[in-house]
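Since this is a predicted model, take the numbers as computed values, not measurements. Just so it is clear: chains get the letters A, B, ... in the order the sequence lines come, proteins before strands, and each one is counted from 1.
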Amino acid sequence: MLDVALISHLPNFADFSRVELEDFIRQASARRVEKNTHFFSEGETASSFYLLLDGYIRVVRISPSGEQIIVRYIASHELFGIAAAIGRDTYPANAVAAVDCVALAWPMSLWPDTVKRFPSFANSASATLGNRLMDVQDRVIELATEQVEHRVAAALLKLLEQAGKETEEGILIDIPLTRQDVSDMSGTTLHTVSRLLSSWEQSGLVKSSRKKVIITDKVKLTNLYNR
DNA sequence: TCATTAATTGCCC
DNA sequence: GGGCAATTAATGA
């Protein structure tokens, strides 16, 4: 039996009564997904919507030429797979666990009624979609106008926002992240990312090792990006 | 220890 | 900047 405490503190559920929340969570099922396996794939019938409780998810699309593009990462407490909210009956992208993940899943058939009954739920879903739309727009502009250095810096700063964790050395991006991953996010190659990270490491902006990036000077990295 | 996967670097376009 | 290859490093079975 799932506990309402898992979600009761989230703004999505602000106007659910205790009973309504209990009823809602009774209809959820917990889904554990191992690192590097799919929650769902692009084009699949969207039978559930999800709330990520723990972990990080990569949203991935495959370009016509077969290259993988990381569209974004999803962090804990975000809704995902909300195809119904944008009037689709299939998922628009692949959702892959970047680490071992736990999420709650509800049947998509509950979506319309839930949105109707609970403004807090509807509003936070809209906000989530709105934020993602803004991110996409930012990235379109970046890809069209910015230098590679700026795009890579922007990708790292975005991840920092979502998955930053304070450590003694700096702020760690708390997701296993290869050079390839970073290049799949910023439209460049792993070689260029490797070279950039090496030079940034020399000038003290970041520290990186295998699947790990720590930002040691966020201000300088941000300035680099704003130039 | 071995096989696999990731990262770095140099050379060339 | 990207593509490629050679090499080295880290990791996990």
List the atom pairs, with distances to 0.1 Å, where a side-chain N or O of residues 49-56 of chain A and a protein N or O form a donor-acceptor pair under 3.5 Å, not counting sequence neighbours.
{"residue": "A:Y50", "atom": "OH", "partner": "A:R31", "partner atom": "NH1", "Å": "2.6"}

Exercise. Contact class for A:Q147 vs. all strands (heavy atom < 4.0 Å): base, sugar-phosphate, or nothing?
Worked result: sugar-phosphate
Exercise. Sequence neighbours excluded, which residues qualify as salt bridge (charged side-chain N to carboxylate O under 4.0 Å, His left out) partners of A:E20?
Worked result: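 Counting only residues at least two positions away or on another chain, A:E20 forms a salt bridge (charged side-chain N to carboxylate O under 4.0 Å, His left out) with A:R117.
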Exercise. Got a sec, which residues hit salt bridge (charged side-chain N to carboxylate O under 4.0 Å, His left out) with A:E168, two or more places apart in sequence or on another chain?
Worked result: none
For this session: Mind telling me whether A:F40 and A:Y91 have parallel, tilted or perpendicular rings, with 30° and 60° as the class edges?
Result: parallel
Exercise. Counting heavy atoms not belonging to A:R88, are there more than 12 under 6.0 Å from its CZ?
Worked result: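 Yes, enclosed.
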Exercise. Should A:L224 and A:I214 be counted in the same cluster of Ile, Leu, Val, Met, Phe, Trp and Tyr side chains packed under 4.5 Å apart?
Worked result: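 No: no chain of side-chain contacts under 4.5 Å links A:L224 to A:I214.
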Problem set entry | Co-membership, hydrophobic cluster, residues A:I86 and A:W111, 4.5 Å side-chain |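 Linked, A:I86 and A:W111 end up in one cluster.
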Exercise. In residues 191-199 of chain A, which ones come under 4.0 Å of DNA chain B, going by heavy atoms?
Worked result: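 Result for residues 191-199 of chain A: A:H191, A:S194, A:R195, A:S198, sorted by number.
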When you compare the protein's N or O atoms with those of nucleotides 9-13 of chain C, which come within less than 3.5 Å of each other, and at what distance?
none

For this session: Before giving the answer on salt bridge (Lys or Arg N to Asp or Glu O under 4.0 Å), spell out for A:E161 and A:K158 the whole-Å C-alpha distance, their side-chain angles and the decisive distance to 0.1 Å.
Result: CA-CA 5 Å; A:E161 215 176 273; A:K158 177 75 203 161; 3.3 Å; yes
Exercise. Under the side chain to side chain donor-acceptor pair (under 3.5 Å) criterion, do A:R72 and A:N131 qualify, and how do the steps go?
Worked result: CA-CA 12 Å; A:R72 62 179 296 104; A:N131 287 334; over 6 Å; no
Exercise. Hey, where on DNA chain B does chain A first and last touch, going 5' to 3'? Cut-off is any atom under 4.0 Å from a heavy atom.
Worked result: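 For DNA chain B, the relevant span reads B:dT5 to B:dC11.
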Exercise. A:R210 and A:T178: side-chain donor and acceptor closer than 3.5 Å?
Worked result: no
